[in-house]
Number of protein chains: 2
Amino acid sequence: MPRAGLNHAVVVNLAAQVVDDGGPRGFAELSLAKVAAKAGVAAPSLYKHVGSLADLRRDVALIAVRELTAAGTSATVGRAGADALHSLATAWRSYAHEHPGRYAATQIGPDPEDPADARLREAAAESVQVVGAVLHGFGLPDDRVIDAVRAVRAGIHGFVTLELGGGFRMREDVDQSFTVLLDMLVAGVAALATSDTLLDHDATGSHR
Amino acid sequence: MPRAGLNHAVVVNLAAQVVDDGGPRGFAELSLAKVAAKAGVAAPSLYKHVGSLADLRRDVALIAVRELTAAGTSATVGRAGADALHSLATAWRSYAHEHPGRYAATQIGPDPEDPADARLREAAAESVQVVGAVLHGFGLPDDRVIDAVRAVRAGIHGFVTLELGGGFRMREDVDQSFTVLLDMLVAGVAALATSDTLLDHDATGSHR
DNA sequence: CGGGTTGGCTAATGGGAGTAGCTTTTAGGC
DNA sequence: GCCTAAAAGCTACTCCCATTAGCCAACCCG
């Protein structure tokens, strides 16, 4: 009865591999049974290293979010403005293509109350910070930064989600569509910075 | 031993209610056991009306997609241009707020091969058509329509997904952020129609 | 009223999460 | 080099859920 030499980090990494192997649905279909099989161990043995399936899923989400943040930061060092935004967006989309399962894991909404989600919340905030830093170079007024960050996140995330989910037919043109979306976002953010008429909405809630 | 009076439609509707009751995670947590409980029936009885849990999920997704399409069409009759786009987007977002579980169901990517997914594929295509019809009023060149549709879908879907997933802090300002996003998209689509410099990319793939 | 169809049931299988308690390995102290 | 105690595995078990099989009652049609 030799030992498998597992520990928390190894188990989480194996889980991340299982998630990757499963394609876009890999995260949803993650199970302790699959991880145990990959580790060459009986399923209950995993509880020596992991509290529950929910914990394991959270841990996988955490490394995925951190990897995404890292990809974004390294793609934007030494860049600014539209260049930085294109680079960031492309890096994120590439990560999603290379690790569709892990990208799905980043969509987990951490519970704002649960202390167990604290590190995940923090990691998610850091990844949003990358967008904030890139948009800082556009010289937006303070009260518009949040709108711009949300729009950019929504656009990129929505595009990648739809793409991975098979929401786009005609695969050939997807790269161009992504470029067009990014140009729209860049133009929109730039317009927001200069208070263009089309984008002139005050904060007093004229809508809804 | 009285009868419960179930049939396919009733079961699917009960399932949709279960999904709604479960909030944003309602669709992921849909189970035959819950539907059976709500129907006041033993779980195996459901198999008289439904092929499997997977079938039931697909059926729920189908009604959700159709409801979303209906909400979009009725929000855009008699409107055009930016007005129509705002109305469509707001209708979709409202649907997601009122039925977060069902909205999540619409994110199912139908298998392009599986004949069982045919109706869902069709319904999804119809909902995309609504966006296409709205954007038609912008006078886009034919080879740009697809890019514009994708950008708009990505923006709206991404925003709603992030919002439902708790991705935005500071709940108060979310409505304004959504308006800003829509204005960006409207401006972007308009610019695409007039071949603005910022958005001038040809199809020969200058990127990636 | 009688029989077939239909809709419900109970019982049973299989698989996955999670718990309890046992055993062996292994690291450290002596 | 032992001896012990913690750590890491295992088997056996429970519970929950999906799904199948086969039974029985209710309804419909003549």
Problem set entry | Carboxylate-amine/guanidinium proximity below 4.0 Å for A/Arg93 and A/Glu163 | yes
For this session: State the OG-CG distance between A/Ser127 and A/Leu88, to the nearest 0.5 angstrom.
Result: 9.5 Å
For this session: Report the distance from atom OH of A/Tyr47 to atom P of C/dG16, rounded to the nearest whole Å.
Result: 12 Å
Problem set entry | Intermediate values then yes/no, side chain to side chain contact (heavy atoms under 4.5 Å, CB included), A/Trp92 and A/Val160 | CA-CA 9 Å; A/Trp92 276 5; A/Val160 170; 5.9 Å; no
Seminar exercise, completed: residues 163-191 of chain B vs ring-ring contact (aromatic ring centres under 6.0 Å, His included), sequence neighbours excluded, gives B/Phe159-B/Phe168, B/Phe159-B/Phe178
Problem set entry | Any residue of residues 4-41 of chain B with a heavy atom less than 4.0 Å from an atom of DNA chain D | B/Ser31, B/Leu32, B/Ala33
Sub-3.5 Å pairs of nitrogen or oxygen atoms, protein against nucleotides 1-6 of chain C:
from: C/dT6; atom 1: O2; to: B/Arg3; atom 2: NH2; distance (Å): 2.8

Exercise. Atom CZ of B/Phe138 and atom CG of B/Leu85: how far apart are they, to the nearest 0.5 Å?
Worked result: 5.5 Å
Problem set entry | B/Leu53 CG - C/dG15 C1' separation (whole Å) | 15 Å
For this session: Tell me, with the steps shown, if B/Gln107 and B/Thr161 meet side chain to side chain contact (heavy atoms under 4.5 Å, CB included).
Result: CA-CA 10 Å; B/Gln107 299 186 37; B/Thr161 302; 4.0 Å; yes
Exercise. Taking only residues two or more places apart in sequence or in another chain, which ones pass salt bridge (charged side-chain N to carboxylate O under 4.0 Å, His left out) with A/Arg58?
Worked result: A/Asp55, A/Asp117
Seminar exercise, completed: Atom CG of B/Leu46 and atom P of D/dT20 are separated, to the nearest Å, by 13 Å
Problem set entry | End axis versus end axis in the helix from C/dC1-D/dG30 to C/dC30-D/dG1, the angle rounded to 10°, five pairs used at each terminus | 10°
Got a list of side-chain donor-acceptor pairs under 3.5 Å for residues 21-29 of chain A, not counting sequence neighbours?
from: A/Asp21; atom 1: OD2; to: A/Lys38; atom 2: NZ; distance (Å): 2.8

Exercise. So, is A/His49 close to the D/dA7 phosphate, meaning a side-chain N or O under 4.0 Å from OP1 or OP2?
Worked result: no
Problem set entry | side chain to side chain contact (heavy atoms under 4.5 Å, CB included) assessment of B/Val145 paired with B/Leu135 | CA-CA 7 Å; B/Val145 170; B/Leu135 292 190; 5.5 Å; no
Exercise. When you check the phosphate oxygens OP1 and OP2 of D/dC10, does a side-chain N or O of A/Ser45 lie under 4.0 Å from one of them?
Worked result: yes
Exercise. Hey, which of B/Thr179, B/Leu181, B/Leu185 is the one that makes side chain to side chain contact (heavy atoms under 4.5 Å, CB included) with B/Asp183?
Worked result: B/Thr179
For this session: Step through the shown structure and confirm whether more than 12 heavy atoms of other residues, nucleotides or ligands are within 6.0 Å of CZ on B/Arg119.
Result: no
